[in-house]
A.B. asks: 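Below is a structure I'd like to ask you about.
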Amino acid sequence: MGKREFIIDCDTGTDDAIALIAAVYNKDINVRAITSVNGNVKHEYTSRNNLALMEYLDIDYIEVAKGAEAPLFERGNYYGPTHGVSGLGNIELPEAKRLGFSELGAVELILREAEKCEGELELLVIGPMTNIAIALTLYPQLKKLIKHIWIMGGAIKGGNVTTACEFNIWVDPVAARTVLKSGIPMTMVGLDVTERAALNSEDSKRLREMGTKASILVADIVDYMLERYKNGGEDALMHDALALAAALCPDCLKFNKYFADVECEGKYTAGHTSVDVGGKSGKEPNVSFAEEIDLPLFKEWLIDSIAGSRL
């Protein structure tokens, strides 16, 4: 059986970078392209981070494309301190000089690769879904060409940017609603599980002892996150890597299927992921939601994926 074909769409901050590293070194998938979107930080940083990361790891076979610079839903200036100014905390990767961005934008690149893969392309979407929504709107044939969408976003209960909203969905609820209504098979990995997916100092030590450029970089990012947590910020939560694990290590999680929609109006609720857990809507489930996590198994899978950089 051949490797599965993936495009990763991301707003590369700290945990996005770790997910990217785990993905490019995982033995089970072929990452065809990385597309950037505005989100954790401004698009000028997320796009630059993707290219710089690939050059730092000496990976020149993955196409890197620029995507949406703003959400479809007007949010204004919402960038916070979680990922630092440029997205990678206190880490500054050298600016890419050898590699360049794709001549295609994110949307056109997704279409091209979906057509090449003839229905076998999967998307890992770990930022706001702006690029995906635009692609589906411009090219509705994608609905039959994308095999599965793996999403980091949403929550059955609660939020992290407001009491009702998870960040990725909150940034662009219009895009999220468009994607959820597409009919493409999809899995959502939200705060219900990602807020339990924390690495610690022992995990960082294990990664650092591997001694590769990739593992040391991940350890540096985790150490930044742990210091951030000590100062009252978010823990070293592997939101995005857990969405990758949903695709590649499904035993890490337990899933249930529900009908889900996204609220796009309301002062307090725009960006809320409405999940019909009780079946009150009478609508057929359209999303598989992760609800339980096997944390030790996830950690072993993540560290093992990053260990692929030894090869």
Side-chain angles (χ1 to χ4, degrees), residues 8-17 19 34-51 65-90 92 101 105-107 110 125-138 151-155 157-182 188-191 194-195 224-225 228 231-235 237 239-240 243 260-275:
I8 302 176
D9 188 78
C10 49
D11 57 337
T12 299
T14 51
D15 58 312
D16 306 70
I34 299 168
T35 53
S36 57
V37 67
N38 167 84
N40 285 323
V41 290
K42 294 179 180 180
H43 179 262
E44 64 181 285
Y45 298 122
T46 65
S47 57
R48 188 171 71 190
N49 289 343
N50 288 342
L51 199 64
K66 292 183 177 181
E69 296 187 7
L72 301 175
F73 189 93
E74 179 56 47
R75 278 297 183 195
N77 186 351
Y78 54 81
Y79 310 104
T82 299
H83 300 270
V85 174
S86 65
L88 296 180
N90 57 4
E92 293 187 15
F101 291 105
V107 170
I110 290 169
V125 183
I126 52 178
M129 292 188 246
T130 314
N131 289 332
I132 315 306
I134 294 172
L136 291 171
T137 302
L138 289 176
I151 298 165
M152 190 282 121
K157 297 179 181 178
N160 61 352
V161 66
T162 74
T163 56
C165 306
E166 180 276 328
F167 179 82
N168 283 346
I169 306 298
W170 175 88
V171 168
D172 200 341
V174 172
R177 170 176 271 188
T178 300
V179 175
L180 263 62
K181 288 181 175 292
S182 69
M188 293 189 79
V189 179
L191 301 179
T194 66
E195 289 189 332
Y224 163 81
M225 299 170 93
R228 177 182 69 192
N231 293 325
E234 185 176 88
D235 203 350
L237 300 178
H239 299 287
D240 297 333
D261 198 355
V262 177
E263 175 59 51
C264 295
E265 300 178 10
K267 181 177 180 181
Y268 301 105
T269 57
H272 171 65
T273 307
S274 176
V275 184

A.B. asks: In a check of side-chain hydrogen bond (donor to acceptor under 3.5 Å, both in side chains) between Thr12 and each of Asn50, Asn49, Thr46, which one passes?
C.D. replies: Asn50
A.B. asks: Is the shortest heavy-atom distance from the side chain of His272 to the side chain of Thr162 under 4.5 Å?
C.D. replies: no
A.B. asks: Show the nearest heavy-atom pair for residues Gly67 and Ala106, with the distance to one decimal.
C.D. replies: CA-CB, 3.6 Å
A.B. asks: Taking side chain as C-beta onward, heavy atoms only, is Ser36 less than 4.5 Å from His43?
C.D. replies: yes
A.B. asks: On a heavy-atom basis, which atom in Ala155 and which in Val275 lie closest, and how many Å separate them?
C.D. replies: O-CG2, 4.2 Å
A.B. asks: Would you name the heavy atoms of Thr137 and Ala133 that are closest together and state the gap between them?
C.D. replies: OG1-O, 2.8 Å
A.B. asks: Do you know the tightest heavy-atom contact between Met152 and Ala243?
C.D. replies: CB-CB, 3.8 Å
A.B. asks: Which residue pairs pass the salt bridge (Lys or Arg N to Asp or Glu O under 4.0 Å) test with at least one member in residues 159-182, sequence neighbours excluded?
C.D. replies: Arg177-Asp261, Lys181-Asp261
A.B. asks: Listed by chain and number, what are the side-chain contact (heavy atoms from CB on, under 4.5 Å) partners of Arg48, not counting sequence neighbours?
C.D. replies: Tyr45, Ser86
A.B. asks: Under 3.5 Å, side chain of Thr269 to main-chain N/O of Glu265, donor-acceptor pair present?
C.D. replies: yes
A.B. asks: Please tabulate, one pair per line, all N/O donor-acceptor pairs under 3.5 Å involving side-chain atoms of residues 69-84, not counting sequence neighbours.
C.D. replies:
from	atom 1	to	atom 2	distance (Å)
Glu74	OE2	Gly76	N	2.9
Arg75	NE	Trp170	O	2.8
Arg75	NH2	Trp170	O	2.9
Arg75	NH2	Ala270	O	2.9
Asn77	OD1	Tyr79	N	3.4
Tyr78	OH	Asn38	ND2	2.5
Tyr79	OH	Asn38	OD1	2.5
His83	ND1	Thr14	N	3.0
His83	ND1	Thr14	OG1	2.9
His83	NE2	Asn40	OD1	3.3

A.B. asks: Quick one: list whatever passes side chain to side chain donor-acceptor pair (under 3.5 Å) with Asp15, sequence neighbours left out.
C.D. replies: none
A.B. asks: Once you round to the nearest 0.5 Å, how far does CD1 of Ile151 lie from CG of Asp240?
C.D. replies: 12.5 Å
A.B. asks: Under 3.5 Å, is there a donor-acceptor pair between the side chain of Asp9 and the main chain of Met129?
C.D. replies: no
A.B. asks: For Glu195, check salt bridge (charged side-chain N to carboxylate O under 4.0 Å, His left out) against everything at least two apart and list the hits.
C.D. replies: none
A.B. asks: Output all residues satisfying side chain to side chain donor-acceptor pair (under 3.5 Å) with Thr194, sequence neighbours left out; order by chain, then residue number.
C.D. replies: His239
A.B. asks: Passes side-chain contact (heavy atoms from CB on, under 4.5 Å), Ile110 versus Ile132? Steps please.
C.D. replies: CA-CA 8 Å; Ile110 290 169; Ile132 315 306; 3.8 Å; yes
A.B. asks: Return the minimal non-hydrogen interatomic distance between Cys10 and Asp16, and the atom names on each side.
C.D. replies: CB-OD2, 3.9 Å
A.B. asks: Run Val262 and Val179 through side-chain contact (heavy atoms from CB on, under 4.5 Å) and show every step you take.
C.D. replies: CA-CA 10 Å; Val262 177; Val179 175; over 6 Å; no
A.B. asks: Looking at every non-hydrogen atom in both residues, tell me the closest pair between Ala17 and Leu88 and how far apart they are.
C.D. replies: CB-CD2, 3.8 Å
A.B. asks: Between atom NZ of Lys157 and atom CG of Leu191, what is the distance when rounded to the nearest 0.5 Å?
C.D. replies: 13.5 Å
